[in-house]
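In this chain, residues are counted from 1 in sequence order.
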Amino acid sequence: AIWELQMACEKTMKAYLAQKKIDYPATHNLRELQKLASEHVDFAEAKPAMAVMPSEKRVIAWRYSELPQPKPKEFFQIYRAALMLCKIYAERMDRKYVFNNFAVKLKRFP
């Protein structure tokens, strides 16, 4: 699951960078992506969450069972940090449409 959290952060950060027309390398390193983004906009609010996120090497080792899996407390901390990183980057993306409290009810045709 940590690999998926890592990928969610990575994809959100890369989407932000792409939208801002900032070139980024093919990497899984969140810290490298954070550094690129911070060169253009202050992302100080993301630093506490980034400090909790494990290195890409550790995430990959967990993915392939090369390290003992994290304890539930550590996993939950990583989960919360990943959500925060995704939120911070997603909130800073430009949007053409904004839907707040939007809902759709689909009904089957009779």
Side-chain angles (χ1 to χ4, degrees):
I2 291 180
W3 173 258
E4 301 302 331
L5 294 172
Q6 164 87 9
M7 291 303 292
C9 292
E10 180 184 332
K11 296 302 181 189
T12 304
M13 293 168 84
K14 286 180 176 178
Y16 172 84
L17 292 169
Q19 189 181 66
K20 301 301 179 190
K21 297 182 178 21
I22 301 170
D23 291 331
Y24 56 87
T27 182
H28 295 300
N29 188 329
L30 298 181
R31 284 157 185 82
E32 189 175 338
L33 297 172
Q34 172 81 5
K35 185 178 176 185
L36 280 172
S38 296
E39 290 173 1
H40 301 275
V41 178
D42 182 24
F43 274 92
E45 63 188 315
K47 287 181 181 178
M50 190 62 74
V52 173
M53 293 301 291
S55 69
E56 66 178 306
K57 289 182 180 182
R58 194 168 181 206
V59 171
I60 292 169
W62 277 332
R63 182 177 188 211
Y64 295 108
S65 299
E66 295 169 354
L67 287 175
Q69 294 300 311
K71 303 286 184 220
K73 181 179 179 181
E74 183 181 9
F75 173 78
F76 187 66
Q77 289 171 336
I78 294 168
Y79 172 73
R80 291 185 65 202
L83 290 179
M84 183 56 65
L85 284 173
C86 289
K87 177 182 182 283
I88 289 167
Y89 277 86
E91 284 179 346
R92 291 187 177 201
M93 286 188 216
D94 298 328
R95 289 177 176 73
K96 187 173 180 180
Y97 304 104
V98 176
F99 298 99
N100 291 321
N101 297 320
F102 179 76
V104 174
K105 183 176 181 180
L106 300 176
K107 291 179 77 175
R108 182 180 291 181
F109 189 78

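Ion pairing of K35 with E39 is absent here, as no side-chain N (NZ or NE/NH1/NH2) approaches a carboxylate O to less than 4.0 Å.
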Stepwise side chain to side chain contact (heavy atoms under 4.5 Å, CB included) check, F43 with M50 = CA-CA 10 Å; F43 274 92; M50 190 62 74; over 6 Å; no
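Counting all heavy atoms, side chain and backbone alike, M53 lies closest to I78 at SD-O, 3.8 Å. Annotation for D23 and L36: closest pair O-CD1, 3.7 Å, computed over non-hydrogen atoms. Contact detail for Q34 and Y89: the closest heavy-atom pair is OE1-OH, 2.5 Å. The two residues D94 and Q19 have their closest heavy-atom pair at N-OE1, 2.7 Å. The heavy-atom pair separating M93 from A15 by the smallest distance is CE-CB, 3.9 Å. V104 and L106 get closest at one heavy-atom pair: CG1-CD2, 3.8 Å.
Remark: Y64 OH is loosely packed, at most 12 non-hydrogen atoms of other residues, nucleotides or ligands lying under 6.0 Å away. The number of heavy-atom neighbours closer than 6.0 Å to CZ of R31, taken from other residues, nucleotides and ligands shown, is above 12.
Summarising the geometry, atom CG belonging to L5 is positioned 11.5 Å from atom CE belonging to M7; distances are rounded to the nearest 0.5 Å. Between the CD1 atom in I60 and the CD1 atom in I2 there is a gap of 13.0 Å [rounded to 0.5 Å]. C9 contributes atom SG, which lies 4.5 Å from atom CG of L85 (distance to the nearest 0.5 angstrom). Interatomic distance, E56 CD to R63 CZ, rounded to the nearest 0.5 Å: 13.0 Å.
For residues 1-12, every residue pair satisfying the side-chain hydrogen bond (donor to acceptor under 3.5 Å, both in side chains) rule, not counting sequence neighbours, is listed here: E10-K14, E10-H28.
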